[in-house]
Amino acid sequence: MWAFFFGMLVIISIIHWIYRWRNPRCNGKLPPGSMGLPLLGETLQFFAPNTSSDIPPFVKERMTRYGPIFRTSLVGRPVVVSTDPDLNYFIFQQEGRLFQSWYPDTFTEIFGRQNVGSLHGFMYKYLKNMVLNLFGPESLKRMLPEVEQTASDRLAQWSLQDAVEIKEATASMIFDLTAKKLISYDQDSSSENLRENFVAFIQGLISFPVDIPGTAYHRCLQGRKRAMRMLKDLLQQRRSKPRKHQSDFFDFVLEELQKEGTILTEAIALDLMFVLLFASFETTSLALTLAIKLLSEYPLVLKQLREEHEAILRNREKSSADLSWKEYKSMKYTFQVINETVRLANIVPGIFRRSLRDIRFKGYTIPAGWAVMVCPPAVHLNPEKYEDPLAFNPCRWEGQETNCASKHFMAFGGGMRFCVGTDFTKVQMAVFLHCLVTKYRWLPTKGGNIVRTPGLQFPSGYHVKIAEKDLKNLSI
């Protein structure tokens with residue numbers, strides 16, 4: 001008899017728990033939606049691969065069913081998903097007051113608990129200013145000749161090969177340049193390959209978070225551990241042999257660490273270095289790969305882009321001169337091409353925040369402590385804002401500001417957390433495209449198919465044959 005009552009109590013408790021899971025408490029009206037399975041939520045559906053260039057099926061299906069604001073559960077957390085431009089804008093404007101940056105525990109395990117995305121207030125502003133010391137406009141002006149020389153050298157090497165896989169090639173190019181500026185890292189003189197650890201890390205970055213040997217997520221964590229060990233060793237070597245003059249970001253970090261009363265710690269500095277290395281090359285190489293693919297598919301856009309850059313060469317007093325900052329800033333159509341590329345790329349499928357108190361918006365309540373996911377693809381592919389949204393049409397940016405965030409464009413984030421590396425990304429993309437279209441032609445040979453899981457991937461790569469412009473055997 002007691003066993004029967006105990007069994008009934010367990011069953012009732014489970015039913016009550018499932019009911020509470022599916023119907024969370026709220027001091028108001030929750031957005032519509034489904035919380036999915038207990039604990040698991042709708043995580044599997046969110047990570048399911050798809051080949052659509054449109055709004056991700058996970059989001060689009062729920063927009064159709066529930067509207068632009070809906071609730072779900074991802075990796076064990078209740079989440080409000082926003083595809084509403086007004087709510088997105090409100091979230092970014094209320095950073096630090098009603099919302100703060102937040103990412104799932106799995107994300108902080110990958111990027112470090114002291115990563116810049118997880119810090120708030122004064123510490124975030126302090127680190128942001130540190131990064132601007134490296135990637136601000138004045139630093140980029142000095143860096144421009146080196147970026148151009150790097151792009152020219154790599155393109156010359158690739159033109160001697162039968163074909164080159166653009167995603168891997170551009171990632172290697174950007175990583176080498178960034179690692180040199182950050183930590184004076186030179187692969188040829190190092191006993192370990194730092195980038196190989198980042199490749200292992202990237203392969204599991206946007207994967208189902210199961211830390212079991214053999215899974216992509218486990219390989220990701222192992223790649224992070226190895227990369228962090230290398231960075232820590234490099235920092236210790238630099239400490240033991242300090243330089244007289246500041247020449248890279250490590251020197252700047254060491255100087256900050258030695259200041260009396262500094263708020264910077266070694267752990268924060270290393271996490272920052274890790275994030276900067278990752279963000280600088282992975283996102284930019286994806287954008288460049290998609291840009292070359294789109295230019296191959298839209299010859300009229302390529303023609304207009306090439307005309308802009310050839311005009312820059314014609315207008316020079318000395319044809320052999322390096323690209324100047326004035327010439328770079330004159331690349332209006334190029335910046336339109338870059339904006340249109342990142343609009344379609346949607347490299348960041350979601351931007352996360354956490355509500356600091358109960359928040360009411362358009363009749364719904366977002367409970368305190370809930371995660372909120374702003375969905376850039378739904379904004380960037382909205383047909384009410386962008387006519388024929390899946391078309392590659394840089395001219396749609398004509399007359400518009402191309403270097404800021406808005407309700408309808410958030411490829412580089414928004415609000416006070418607008419990406420501090422945006423200018424660095426645009427310099428690299430614009431200079432690479434300048435070198436490519438003025439000196440070379442290319443022909444796709446294989447690959448180029450896109451999969452989103454939910455982040456952008458080229459599972460088969462994108463292989464192209466590159467040749468100097470005076471060769472006649474290429475059609476692009």
Side-chain angles (χ1 to χ4, degrees), residues 111 115-117 124-125 127-154 167 169-185 194-195 198 202 246-253 269 271-291 322-331 334-339 341-343 345 347-348 401-405 409-414 416-436:
F111 282 104
N115 80 82
V116 65
Y124 171 75
K125 292 177 182 177
L127 293 181
K128 183 176 180 178
N129 288 332
M130 281 184 64
V131 176
L132 285 173
N133 182 68
L134 177 70
F135 294 135
E138 292 306 313
S139 296
L140 292 177
K141 287 179 184 179
R142 295 190 296 270
M143 202 185 299
L144 193 65
E146 189 174 0
V147 175
E148 182 182 18
Q149 188 62 53
T150 300
S152 296
D153 290 347
R154 292 300 177 102
K167 170 62 179 66
T170 54
S172 174
M173 174 187 71
I174 296 165
F175 183 88
D176 288 350
L177 174 64
T178 308
K180 181 179 178 181
K181 303 306 293 184
L182 284 172
I183 56 177
S184 298
Y185 174 80
L194 179 59
R195 186 169 168 269
F198 276 90
I202 289 161
Q246 192 182 107
S247 61
D248 65 13
F249 196 60
F250 249 167
D251 290 329
F252 182 75
V253 165
D271 276 346
L272 176 63
M273 202 72 65
F274 182 87
V275 169
L276 290 176
L277 280 167
F278 164 75
S280 63
F281 85 93
E282 177 61 11
T283 54
T284 308
S285 61
L286 280 169
L288 268 176
T289 303
L290 183 61
D322 292 335
L323 187 68
S324 70
W325 188 253
K326 183 179 179 181
E327 289 171 338
Y328 165 70
K329 297 298 285 186
S330 74
M331 299 175 182
T334 304
F335 296 134
Q336 292 175 28
V337 167
I338 291 172
N339 265 32
T341 298
V342 295
R343 180 187 72 83
I347 293 169
V348 178
E401 173 60 55
T402 56
N403 200 38
C404 67
F409 184 68
M410 52 187 64
F412 299 102
M416 66 177 290
R417 288 183 181 265
F418 185 74
C419 177
V420 294
T422 298
D423 288 337
F424 185 45
T425 295
K426 291 190 174 184
V427 163
Q428 290 180 97
M429 290 186 69
V431 171
F432 180 84
L433 291 173
H434 170 78
C435 296
L436 177 64

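Starting from 1, each residue takes its place in the sequence as its number.
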Distance-minimising heavy-atom pair for [X] and [Y]:
X      : Y      : answer
Asp423 : Pro137 : OD2-CG, 4.4 Å
Ala169 : Arg154 : O-NH1, 4.4 Å
Val342 : Ala411 : CG2-CB, 3.7 Å
Tyr328 : Phe335 : O-CZ, 3.5 Å

**Residues in side-chain hydrogen bond (donor to acceptor under 3.5 Å, both in side chains) contact with Ser285, at least two apart in sequence or another chain** =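 side-chain hydrogen bond (donor to acceptor under 3.5 Å, both in side chains) list for Ser285, sorted by chain: Lys167.
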
**Item:** Residues forming a side-chain hydrogen bond (donor to acceptor under 3.5 Å, both in side chains) with Asp153, sequence neighbours excluded
**Value:**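 Checked Asp153 against side-chain hydrogen bond (donor to acceptor under 3.5 Å, both in side chains); matches are Gln149.
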
**Message:** Between Leu140 and Phe424, is there a side-chain heavy-atom distance shorter than 4.5 Å?
**Reply:**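 In contact.
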
**Asked** Would you say the side chain of Glu146 lies within less than 4.5 Å of the side chain of Lys180, judging by non-hydrogen atoms?
**Response**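 Yes, side chains in contact.
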
**Item:** Sole candidate of Val431, Asp176, Leu177 that passes side chain to side chain contact (heavy atoms under 4.5 Å, CB included) when paired with Thr150
**Value:**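 Result: among Val431, Asp176, Leu177, Leu177 is the only option passing the side chain to side chain contact (heavy atoms under 4.5 Å, CB included) with Thr150.
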
How long is the span from the [atom1] atom in [X] to the [atom2] atom in [Y], to the nearest 0.5 Å?
X      : Y      : atom1 : atom2 : result
Met143 : Thr178 : CE    : OG1   : 8.0 Å
Lys426 : Thr284 : NZ    : OG1   : 12.0 Å
Leu288 : Leu433 : CG    : CG    : 6.0 Å
Phe412 : Thr283 : CZ    : OG1   : 8.5 Å
Thr170 : Phe432 : OG1   : CZ    : 6.5 Å
Arg142 : Lys181 : CZ    : NZ    : 8.5 Å

**Request:** Output all residues satisfying salt bridge (charged side-chain N to carboxylate O under 4.0 Å, His left out) with Glu327, sequence neighbours left out; order by chain, then residue number.
**Result:**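 Arg316.
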
All side chain to side chain contact (heavy atoms under 4.5 Å, CB included) counterparts of [X], not counting sequence neighbours:
X      : answer
Lys141 : Glu138, Trp325
Ser152 : Glu148, Cys435, Lys439
Val253 : Met130, Phe249, Leu257, Leu264, Ala269, Met273

**Request:** For side-chain contact (heavy atoms from CB on, under 4.5 Å), just list the numbers for Leu144 and Asp322, CA-CA rounded to whole Å, side-chain angles, deciding distance to a tenth of an Å, and then say yes or no.
**Result:** CA-CA 9 Å; Leu144 193 65; Asp322 292 335; over 6 Å; no

**Message:** One pair to check against side-chain contact (heavy atoms from CB on, under 4.5 Å): Leu286 and Leu290. What are the steps and the verdict?
**Reply:** CA-CA 6 Å; Leu286 280 169; Leu290 183 61; over 6 Å; no

**Asked** Between Phe409 and Asn339, is a side-chain contact (heavy atoms from CB on, under 4.5 Å) present by the stated rule, with each step listed?
**Response** CA-CA 9 Å; Phe409 184 68; Asn339 265 32; 3.7 Å; yes

